[in-house]
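Heads up, the thing below is written out as structure tokens.
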Amino acid sequence: MRRHEPSRPALAATAPLLSALAAAALLLTACGSERAGAGNAGAGTSVPPSRTQVDDPGRDGVRITSLTVPSATASASASPSPTRSYAVSAESLTTEPDSGILAAYEVTHQGSETMTYSVVFTFMSGDGGAVTNRTVTVRDVSPGKTVRGTVRAGKLPPGAPRVTRAKVLEVTKVPAGEAPAEPGTCPASGIRISADEGDAAMGLRVVGLHLDNCGTHDYTVEGYPLLELLDGGFEPVGGVEILDGSGEITTGAGPDTQPRPVTLGPGESARAALVWRNTTEFGTPVNVPHVRVRAKAGADPVTVTPNLDLGTTGELGVRPWEKAER
């Protein structure tokens, strides 16, 4: 049987129709691809971090040079505008779990002795309120040297406002050879001395002194830690009586234990305490920023910074070493 073949005029009439259908298919495919691409860009593309130069006069040789605040990522639920760009509200912005906020700082030491710095940085909202504080230790800064570094704001409290500013809140420094050892490290002496943040209530102050045997041999102390009270220039502070025990200061810190030999095996710790009142009456209040501590006679000194606000009392009580419970 002979197959029927369309005439040439029929083929000519069909060609434009096929071309139009192919063009329409291509156009629809292209539109679909563009829409998907636009949606992905709006939902998952992060704006580059905002880095701001900071004109910070600083404090005691420490200043912030820049603050980096990461721009948030658009939420996947954001709706496209008619122009296929996505409008994102402040409520739909998300940030990294640790906030990603970073401040760059520099420490310039103009003194004549190598020092170790402890710096408290505060990250603030636009209205100047503190959002979070971070403490950084900068070790062994020699005279005339500038050390640069960064500090992260870390994870912010739930519902915290947006951080827009940062500043140096507090700077303390001690001679590098007398600085408390970093947690997890052990000095050549095999013992590590530190002071805690302390406790304050109704004018009574208590700061704990901690002695850790991080060495490989037993270490024995007896009685009270040996103290030197120092001013901001690390000169001795006079006019303050250092008392054995805290009974003459208060009975609110609990009874004093009797001084006795305390032997610490490797990994064991002891605790003593500084106790005072900041009562101010007649006279000039006395403030003691630094205390040089020796675990016992002949031990290497460690300088801590408890900031003793002694008022006009002229007294500081010291509780004896006792073994700390594990």
Side-chain angles (χ1 to χ4, degrees), residues 49-69 98-124 130 132-154 163 165-197 209-210 212 214 227-237 287-295 299-308:
S50 170
R51 185 172 183 269
T52 305
Q53 295 298 122
V54 178
D55 184 16
D56 176 25
R59 176 174 297 193
D60 203 6
V62 184
R63 71 185 189 96
I64 293 174
T65 56
S66 68
L67 177 67
T68 301
V69 179
D98 73 340
S99 81
I101 300 167
L102 187 75
Y105 65 85
E106 62 181 27
V107 178
T108 301
H109 179 38
Q110 300 292 352
S112 59
E113 181 180 3
T114 299
M115 306 293 280
T116 288
Y117 285 71
S118 179
V119 186
V120 180
F121 296 94
T122 184
F123 293 85
M124 301 177 294
T132 188
N133 292 342
R134 290 291 180 266
T135 301
V136 172
T137 300
V138 184
R139 293 187 173 274
D140 302 328
V141 185
S142 56
K145 183 179 179 182
T146 295
V147 176
R148 295 177 176 85
T150 57
V151 55
R152 302 184 71 90
V163 170
R165 301 163 55 191
K167 73 174 183 180
V168 179
L169 182 65
E170 180 182 316
V171 178
T172 57
K173 53 187 177 182
V174 298
E178 298 182 7
E182 289 275 14
T185 66
C186 190
S189 64
I191 62 167
R192 186 172 52 231
I193 291 178
S194 60
D196 59 31
E197 294 295 321
L209 297 178
H210 302 271
D212 304 317
C214 55
L227 310 179
E228 294 178 70
L229 308 185
L230 306 174
D231 63 17
F234 301 97
E235 297 296 327
V237 175
N287 293 302
V288 179
H290 309 291
V291 178
R292 181 175 286 136
V293 182
R294 287 179 172 85
D300 292 338
V302 174
T303 297
V304 297
T305 309
N307 291 305
L308 309 178

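Keep in mind the model is a prediction, meaning the values are calculated, not measured.
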Task: Ser118 and Val171, any side-chain heavy atoms less than 4.5 Å apart - done: no

Open item on the list: Please find the pair of heavy atoms, one from Asp231 and one from Pro289, that lie closest to each other, and give the distance.
Closed with: C-CG, 3.6 Å

- [ ] Inspect the surroundings of CZ in Arg139 and state if more than 12 heavy atoms from other residues, nucleotides or ligands are less than 6.0 Å away.
- [x] yes

Open item on the list: So which atom in Val291 and which in Pro306 form the shortest heavy-atom distance, rounded to 0.1 Å?
Closed with: CG2-CG, 3.7 Å

Open item on the list: I'd like to know if the side chain of Ser99 reaches the main chain of Gly154, judged simply by a donor and an acceptor atom lying under 3.5 Å from each other, with no hydrogens or angles considered.
Closed with: yes

Task: Which atom of Glu113 lies closest to which atom of Pro175, heavy atoms considered - done: OE2-CB, 3.4 Å

Task: Approximate separation, where rounding is to 0.5 Å, of His290 NE2 and Thr303 OG1 - done: 8.0 Å

Task: Heavy-atom side-chain proximity of Thr122 to Lys167 below 4.5 angstrom - done: yes

Open item on the list: Please report the interatomic distance CD1(Ile64) to CZ(Arg165), rounded to the nearest 0.5 Å.
Closed with: 10.5 Å

Open item on the list: Looking at every non-hydrogen atom in both residues, tell me the closest pair between Val302 and Ala179 and how far apart they are.
Closed with: CG1-C, 4.4 Å

- [ ] Flag the pair Phe234 / Met115 as yes when at least one side-chain heavy-atom distance between them is below 4.5 Å, and no otherwise.
- [x] yes

- [ ] Kindly compute the distance separating CZ (Arg192) from OG1 (Thr185), expressed to the nearest 0.5 Å.
- [x] 6.0 Å

Task: Inter-residue atom distance Glu178.CD - Ile193.CD1, 0.5 Å rounding - done: 11.0 Å

- [ ] Take the angle between the ring planes of Tyr105 and Phe121 and call it parallel below 30°, perpendicular above 60°, tilted in between.
- [x] tilted

Open item on the list: Is any side-chain heavy atom of Val293 closer than 4.5 Å to one of Leu227?
Closed with: yes

Open item on the list: Just verifying a value: how many Å separate Thr137 OG1 and Glu182 CD, rounded to the nearest 0.5 Å?
Closed with: 5.0 Å

- [ ] Decide yes or no for Thr172 and Val174: does some side-chain heavy atom of the first lie under 4.5 Å from some side-chain heavy atom of the second?
- [x] no

Open item on the list: Let me confirm one number: the CG-CG distance from Leu209 to Asp196, rounded to the nearest 0.5 Å.
Closed with: 8.0 Å

- [ ] State, to 0.1 Å, how close Gly100 and Arg152 come at their nearest heavy-atom pair, and which atoms those are.
- [x] CA-NH2, 3.5 Å

- [ ] Would you name the heavy atoms of Thr114 and Ser142 that are closest together and state the gap between them?
- [x] OG1-CA, 3.7 Å

Task: Carboxylate-amine/guanidinium contact Arg294 Glu228, below 4.0 Å - done: yes

Open item on the list: If we count only N and O atoms by modelled type, under 3.5 Å, do the side chains of Arg134 and Thr132 hold a donor and an acceptor together?
Closed with: yes

